[in-house]
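Structure first, then comments.
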Amino acid sequence: MTSSDPVLVDLGAAIDAALAAADLPPVDDPAFERPRDPDHGDWASTLALRLAKPARMAPRAIADAVVAHLDLPDAVASVEIAGPGFLNFRLSDDHNATMVRDILARGRALRPVERTGERINVEFVSANPTGPLHIGHGRWAAVGDAVAELLAAVGHEVVREYYVNDAGGQVVTFGETLVLTARGEVLDDHHYQGRYVTRVATQLRADWGDEIFEEEGPGDLPGWVAALGGEAVDDTDAPHGSAGDGTGRMSHRLALRVGILGAEVMRQRLEGTLHDLGVDFDTWFSERRELHDTDAVADTLADLEAAGATYVEDGAVFLRTAEHGDDKDRVLVRANGVPTYFAADCAYLRNKFARADHLVYILGADHHGYVARLKAAAACLGHPPDALEARIGQMVNLLRDGEPAKMSKRAGTFVELSQVVDEVGADVTRYHFLRSGLDTALDFDLARVAEQSMDNPVYYVQYAHARISSLLRTADERGFDHGTPGEADFTRLVHPAEADLLRELDKVDEVVAAAAELRATQRLTRYAEDLAATFHRFYTECRVLVDDVELGRARYHLAAAARQVLADVLGLLRVSAPDRM
RNA sequence: GCCCCCGUAGCUCAGUGGAUAGAGCACCGGCCUCCGGAGCCGGAUGCGUAGGUUCGAUUCCUACCGGGGGUACCA
């Protein structure tokens with residue numbers, strides 16, 4: 001991973017040569033790492049410690065031998081042995097100057113990467129279009145979006161995808177709910193609850209008129225659906241599940257028609273909420289249009305059967321998922337002949353694999369039980385186990401002043417994601433979620449986040465960016481002669497705060513690579529905060545616009561490079577990088 | 001019962017086998033004639049418990065304790 005760093009490639013080669021010259025066994029990995037303590041240099045290697053046992057020598061003796069034979073590349077100024085046998089390397093002025101100039105010359109923090117050609121599909125959120133998004137969806141939205149951005153940054157072809165569950169019994173139930181609401185009738189327990197239902201009903205009435213809620217509505221159902229850009233559906237029965245408990249208060253046909261239209265209204269609202277959070281999907285995949293209005297499910301069942309992955313028992317068709325790590329085999333087609341939801345999922349998997357080489361799912365912990373059968377289904381379809389990657393995120397506890405904010409739809413105290421974004425802002429919301437690893441169950445305290453808004457970490461980072469922008473503006477206003485980066489003499493940067501900033505800037509490529517590899521957005525937020533802190537210290541201790549023009553020029557370009565890196569890191573997180581705040 | 005995740009500072013969270021375990025918030029004390037004080041500097045406390053692997057464990061393994069989530073011919 002870090003071996004893509006040209007410095008480490010050269011240094012690794014030099015170490016290999018030194019090991020050979022010293023008659024020491026080769027190592028497969030020099031084990032480079034960034035020391036925590038700046039006194040330990042820019043890079044360290046623990047190979048002497050690791051080699052102690054196989055070489056049957058003291059680590060320090062190994063380190064001595066390596067150093068004695070080591071021919072340092074130009075980018076490395078010095079090496080010293082420290083502690084039990086660490087090799088500590090220090091980058092050269094030449095390397096640092098080149099690093100700063102490269103960032104400014106390309107106008108981009110990151111070194112160019114080679115395109116991998118790998119098509120990666122990242123699916124996240126995918127909440128049902130029968131209700132609003134909650135705070136947890138916001139987390140998957142922020143993380144999925146940033147992970148997608150990271151994967152693109154390291155050279156993959158990335159698609160952000162949202163799977164819309166706009167078919168099945170839930171849509172019929174949603175339709176029933178809307179019709180009853182429009183009529184002012186009471187709802188049953190199984191119906192959807194919440195103020196949003198009224199809003200959707202109102203929207204439908206505005207779009208289509210009151211007749212939409214009547215049994216003999218204008219036009220045929222296929223026509224209504226066609227108006228949405230979809231294909232006709234069979235409206236005479238319930239092919240994808242049953243409708244509620246059959247209240248008998250309206251026809252299935254009516255419930256389905258209103259449910260489909262309502263789901264589309266709802267989906268647009270979800271899209272809007274996500275957009276407000278800065279998340280825009282490439283693909284909104286309609287289950288109904290892509291899977292049920294086509295032969296996708298039947299074709300998939302045929303494929304699975306042809307592969308010998310299915311069998312019939314008690315009249316139902318089972319998929320042999322247990323052979324691929326699932327707890328038990330799963331039903332594809334019920335004994336009554338109706339395909340299960342899982343069958344549609346298999347069809348969706350098949351569709352996805354036709355479009356992508358690698359599938360990433362960002363899922364909530366409440367869906368973790370689904371992963372085994374999904375991976376098993378992928379295996380049954382003939383795909384390698386690693387081609388499907390499920391990232392399970394832990395839940396978000398929404399609090400207000402330390403007290404759980406009741407997420408009861410029934411009681412009407414349900415807090416929607418859109419409210420949170422309105423209340424605390426998109427940047428703050430996103431950054432809060434991106435700051436933690438997926439494995440951590442998070443608290444999101446509305447009162448606290450809002451209250452701390454002025455001291456929020458995201459502002460700390462953004463402020464650093466705005467401060468540099470202001471600095472560069474002021475320099476221009478005063479006619480400061482900054483010259484070009486190529487003319488600047490970066491050897492003038494000898495202050496500890498300057499050295500710290502150079503060292504921090506040098507890390508950006510590896511931080512991004514590691515964050516992408518691990519799908520760990522918190523690596524980026526931490527780095528952004530470290531970099532901002534390093535800059536603020538530099539800014540406090542080293543005045544840029546000084547009379548000593550040579551020194552001022554070097555500092556000016558150093559600051560400009562820092563701004564570029566901050567801007568690009570925030571860009572990867574899809575958090576804004578303001579020039580003024 | 002079985003499966004997954006977590007337990008690190010008063011609070012929210014970083015730390016994918018390395019050197020003295022970090023940041024923000026909160027608390028106390030300093031720093032603006034000077035490029036933005038939304039900033040900087042200084043100050044206290046911590047790896048749930050017990051074993052194991054390793055030159056080295058917050059990190060890997062086992063057990064236990066505590067918390068969260070999941071275990072459909074539902075969608």
Side-chain angles (χ1 to χ4, degrees), chain A residues 31 33 35-37 39-40 44 46 49-50 52-53 58-59 82-86 88 128 130 165 167-173 240-242 313-318 327-328 330-336 338-342 344 364-372 392-395 397 402 432 435-445 448-449 451-457 459-460 462-464 466-475 477-478 480 497 514 517-518 520 522-523 525-526 529-530 532-533 535-546 552 555-556 559 580-581:
Chain A
E33 57 188 41
R36 222 190 304 269
D37 186 342
D39 289 343
H40 296 147
T46 57
L49 301 176
R50 295 167 192 275
K53 198 165 194 180
F86 291 98
N88 292 337
N128 288 343
T130 52
N165 293 117
Q170 60 186 346
V171 172
V172 176
T173 301
H240 319 308
S242 59
E313 189 175 294
D314 297 333
V317 179
F318 284 77
D327 295 334
K328 59 184 179 185
R330 304 288 170 172
V331 175
L332 286 171
V333 184
R334 299 181 182 87
N336 65 9
V338 179
T340 61
Y341 189 87
F342 182 56
D366 52 343
H367 285 82
H368 117 267
Y370 201 65
V371 174
I392 306 300
Q394 299 303 308
M395 310 305 273
N397 302 310
H432 182 78
R435 236 178 149 226
S436 300
L438 277 176
D439 284 342
T440 303
L442 269 190
D443 284 351
F444 193 104
D445 192 316
R448 192 160 301 164
V449 171
E451 184 177 291
Q452 290 176 357
S453 63
M454 294 308 275
D455 291 306
N456 196 288
Y459 291 128
Y460 181 80
Q462 290 178 318
Y463 179 62
R467 210 179 196 187
I468 303 175
S469 298
S470 171
L471 169 64
L472 303 185
R473 276 197 306 271
T474 302
E477 286 163 13
R478 295 186 185 176
F480 181 79
E517 178 79 22
L518 300 168
Q522 74 275 18
R523 297 275 181 137
T525 57
R526 290 288 155 181
E529 287 164 40
D530 288 346
F535 173 78
H536 285 310
R537 220 172 296 128
F538 158 79
Y539 186 86
T540 301
E541 299 193 24
C542 302
R543 197 177 159 72
V544 174
L545 306 180
V546 290
R555 286 178 174 173
Y556 177 95
R580 290 187 171 83
M581 327 182 31

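Each chain gets a letter, A, B and so on, in the order the sequences are listed, and its residues count up from 1.
- Here A:H368 does not count as stacked on B:rG70, because the ring centres are not under 5.5 angstrom apart with planes under 30°.
- Side-chain N/O atoms of A:Q170 and A:N165 include no donor and acceptor closer than 3.5 Å.
- When heavy atoms are screened at a 4.0 angstrom cut-off, A:A466 is found touching base atoms of the nucleic acid.
- Nucleic acid contact for A:R523: base, since at least one base atom lies under 4.0 Å from a heavy atom of the residue.
- Across the interface with RNA chain B, nearest-nucleotide mapping of A:D439 and A:T474 shows A:D439 to be the residue nearer the 5′ end.
- Contacts of A:A44 with the nucleic acid, taken as non-hydrogen atoms under 4.0 Å apart, include base atoms.
- Residue contacts for A:R478: at a heavy-atom cut-off of 4.0 Å it reaches the sugar-phosphate backbone alone, with no base atom in range.
- Rounded to whole Å, the distance from CD on A:Q394 to P on B:rG68 is 12 Å.
- Atom CG of A:D37 and atom P of B:rA19 are 10 Å apart (whole Å).
- Contacts of A:N165 with the nucleic acid, taken as non-hydrogen atoms under 4.0 Å apart, are absent.
- B:rG66 and B:rC25: their C1' atoms are spaced 26 Å apart (whole Å).
- Among the heavy atoms of the strands, none lies under 4.0 Å from A:N336.
- Of the candidates B:rA38, B:rA75, B:rG36, B:rA75 carries the atom nearest the A:Y341 side chain, counting heavy atoms from C-beta on.
- A gap of 16 Å separates the C1' atoms of B:rU16 and B:rA21, to the nearest Å.
- For A:R543 and A:R50, each mapped to the nucleotide of RNA chain B holding its nearest heavy atom, the one lying further toward the 5' end belongs to A:R50.
- Distance from the side chain of A:Y460 is smallest for B:rC40 among the nucleotides B:rC40, B:rG69, B:rA19.
- Here A:A335 lies in heavy-atom contact (under 4.0 Å) with a base.
- No N or O donor and acceptor, one from the side chain of A:D530 and one from the base of B:rA14, sit under 3.5 Å apart.
- Only the P atoms considered, B:rA14 is 12 Å distant from B:rA9, to the nearest whole Å.
- Taking atom CG of A:L442 as the reference point, atom P of B:rC11 lies 16 Å away to the nearest angstrom.
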What pattern of brackets, bars and dots sums up RNA chain B from 5' to 3', given Watson-Crick or G-U wobble pairs under 3.5 Å, [ ] for crossing pairs and | for another strand? (((((((..((((....[...)))).(((((.......)))))....(((((..]....))))))))))))....
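- Residue A:L471 is in base contact, counting any heavy-atom pair closer than 4.0 Å across all strands shown.
- With C1' as the reference atom, B:rG17 and B:rU53 are 11 Å apart, rounded to whole Å.
- Within the nucleic acid shown, A:L332 has no heavy atom closer than 4.0 Å to any nucleic acid atom.
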